[in-house]
Student: 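Pasting a structure here, questions to come.
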Protein chains: 2
Amino acid sequence: MASKDESQNAERISEAEHAVMEVLWHESPLSAADVCDVVCKERGWSIPTVKTLLSRLVSKGALSTEPDGRRFLYSPLIERSAYVGTESKRLVERLFGGRAAPLFAHLAQTEALSADDIAEIERLLKEMKK
Amino acid sequence: MASKDESQNAERISEAEHAVMEVLWHESPLSAADVCDVVCKERGWSIPTVKTLLSRLVSKGALSTEPDGRRFLYSPLIERSAYVGTESKRLVERLFGGRAAPLFAHLAQTEALSADDIAEIERLLKEMKK
DNA sequence: TACTTTCGATTACATCTGTAATCTGAATGA
DNA sequence: TCATTCAGATTACAGATGTAATCGAAAGTA
């Protein structure tokens, strides 16, 4: 029966919603106004927009609310790493048949990898071997 | 004036559309029916659906058509590698601040990397150093 | 020639997204 | 107490997307 797991239930988070999540992953809990302070300018949004996104995220089970006087404070319910994981996986799945190496190869070929990236990856590889 | 470049104009390709593109990247030109033969079963689509997607892809400039008797044959106008590039970049941009190393680190941590992947990546790294 | 089949083109329609405006009720200040 | 203000809730609305059904013309078939 439990084909849908509430906690893990990855109700797809849209791009605009994701921008809001980033703010809250960076710092939480925050009020709608706080979130707006961080993103509204940057994305050209108005407060109502932020509120809509927050509500949608709450319905999607991605955020929790806690009352603070007459307003709400929002906090992430899903972890950033979980989100990042699903999204990365989706991409790798969709574009590279689930294999990560081709993605890497692609990034390498298109020079999307900086020297720093490469050094870092080598370090990680070494790390993994231990 | 040429703020919009026809050929490169990356009118966002949706996921369903992408499935159609994959078929045509694999083999082209193909008719709508041919495409359906490949994906309809798998995705539970009917022919009209495929035709809609093909039309949309043509309007988006992602496919070209060539008449073949009373029907059309479709071929990709944009290359798979270009598409894959943009999409990968979008993801890395959105989730990892444009840096590829964190993506790699993430994949590594979540064990999304198979032993084969790792071996392959090491090979690529060695390759790049030459 | 009339009927059927087969295409592409047009239209449909529910969701999801982006982006708000408006409504409602509580809190606040006069 | 009464108007103003500010929060969340409700409603809006266009464009993108998923998924077709239907229409109209061309082609093949009897």
Side-chain angles (χ1 to χ4, degrees), chain A residues 4 9-24 28-75 83 86-87 90 94, chain B residues 4 9-24 28-75 83 86-87 90 94:
Chain A
K4 288 226 168 177
N9 182 2
E11 272 234 57
R12 206 98 171 65
I13 290 173
S14 80
E15 191 172 328
E17 287 161 1
H18 170 233
V20 168
M21 289 302 291
E22 286 294 345
V23 176
L24 290 161
S28 74
L30 291 180
S31 70
D34 294 336
V35 173
C36 189
D37 285 345
V38 181
V39 284
C40 282
K41 203 87 179 207
E42 186 185 328
R43 324 238 334 176
W45 286 346
S46 58
I47 254 280
T49 299
V50 172
K51 290 185 178 180
T52 299
L53 295 173
L54 286 168
S55 304
R56 287 181 183 165
L57 285 166
V58 170
S59 345
K60 289 184 181 180
L63 291 181
S64 69
T65 54
E66 106 199 44
D68 171 52
R70 64 238 212 59
R71 60 194 194 161
F72 278 141
L73 297 183
Y74 300 84
S75 304
Y83 175 74
T86 341
E87 289 303 300
R90 283 177 66 86
R94 215 160 61 84
Chain B
K4 288 226 165 180
N9 183 0
E11 273 237 57
R12 204 99 171 67
I13 289 174
S14 80
E15 191 173 326
E17 288 161 0
H18 170 234
V20 167
M21 290 303 291
E22 285 295 345
V23 176
L24 290 161
S28 74
L30 291 179
S31 70
D34 295 335
V35 174
C36 189
D37 285 344
V38 181
V39 284
C40 282
K41 201 86 178 205
E42 187 184 328
R43 322 238 334 177
W45 286 347
S46 58
I47 253 281
T49 298
V50 172
K51 289 185 178 179
T52 299
L53 295 172
L54 286 169
S55 304
R56 288 181 183 168
L57 284 166
V58 170
S59 345
K60 289 183 180 182
L63 292 180
S64 68
T65 54
E66 102 198 49
D68 171 52
R70 62 233 211 60
R71 62 193 190 161
F72 278 140
L73 297 184
Y74 300 83
S75 304
Y83 174 75
T86 341
E87 289 303 301
R90 284 176 66 84
R94 216 160 61 85

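Chain letters run A, B, ... following the sequence lines, proteins first and then strands; every chain starts at 1.
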Student: Measure the distance from CZ on B:Phe72 to C1' on C:dC7 and round it to the nearest whole Å.
Tutor: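 In whole Å, C:dC7 C1' lies 10 Å from B:Phe72 CZ.
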Student: Distance check, rounded to the nearest 0.5 Å: B:Tyr74 atom OH versus B:Leu57 atom CG?
Tutor: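 That separation rounds to 10.0 Å.
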Student: Identify the two heavy atoms, one from A:Lys60 and one from A:Glu17, that lie closest to each other, and give their separation to 0.1 Å.
Tutor: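 What the structure gives for the nearest pair is NZ-OE1, 2.8 Å.
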Student: How many angstroms lie between OG in B:Ser31 and NZ in B:Lys51, if you round to the nearest 0.5 Å?
Tutor: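 Between B:Ser31 OG and B:Lys51 NZ, I get 9.0 Å after rounding to 0.5 Å.
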Student: For A:Ile13 and A:Ala62, which heavy atoms make the closest approach, and how far apart are they?
Tutor: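 Nearest heavy atoms, A:Ile13 then A:Ala62: CD1-CB, 4.1 Å.
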Student: Over how many whole Å does the gap from A:Lys51 atom NZ to D:dA9 atom P extend?
Tutor: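 Rounding to the nearest Å, NZ of A:Lys51 and P of D:dA9 are 9 Å apart.
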Student: Please examine the side chains of B:Glu87 and B:His18, heavy atoms only from C-beta on, and report whether any two atoms are closer than 4.5 Å.
Tutor: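 No - every pair of side-chain heavy atoms lies 4.5 Å or more apart.
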Student: How would nucleotides 16-30 of chain D be written as a contact map, 5' to 3', with B for base contact, S for sugar-phosphate-only contact and - for no contact, using protein heavy atoms under 4.0 Å?
Tutor: -BBBBB-----S---
Student: How close or far is atom C1' of C:dG18 from atom CG of A:Leu54, stated in whole angstroms?
Tutor: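 Computing the A:Leu54:CG to C:dG18:C1' distance gives 14 Å.
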Student: Can you check the A:Asp68 CG to C:dA27 P distance for me, whole Å?
Tutor: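 Interatomic distance, CG of A:Asp68 to P of C:dA27: 13 Å.
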Student: Would you compute the distance between atom CG of B:Leu54 and atom CD1 of B:Ile47 and round it to the nearest 0.5 angstrom?
Tutor: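 It comes to 8.5 Å.
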Student: Could you tell me the separation between the CD atom of B:Glu66 and the OG atom of B:Ser28, rounded to the nearest 0.5 Å?
Tutor: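 These two atoms lie 9.0 Å from each other.
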Student: In the structure I gave you, are the side-chain heavy atoms of B:Thr49 and B:Ser46 within less than 4.5 Å of one another anywhere?
Tutor: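 Touching, per the 4.5 Å side-chain cut-off.
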Student: Roughly, in whole Å, what's the span from CG in B:Asp34 to P in C:dT6?
Tutor: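 Computing the B:Asp34:CG to C:dT6:P distance gives 15 Å.
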Student: Tell me the bend of the helix from C:dT1-D:dA30 to C:dA30-D:dT1 as the angle between end helix axes, each from five pairs, rounded to the nearest 10 degrees.
Tutor: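 It comes to 20° between the two terminal axes.
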Student: Using atom CZ of A:Arg71 as one end and atom P of C:dT28 as the other, report the distance to the nearest whole Å.
Tutor: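 Distance, rounded to whole Å: 12 Å.
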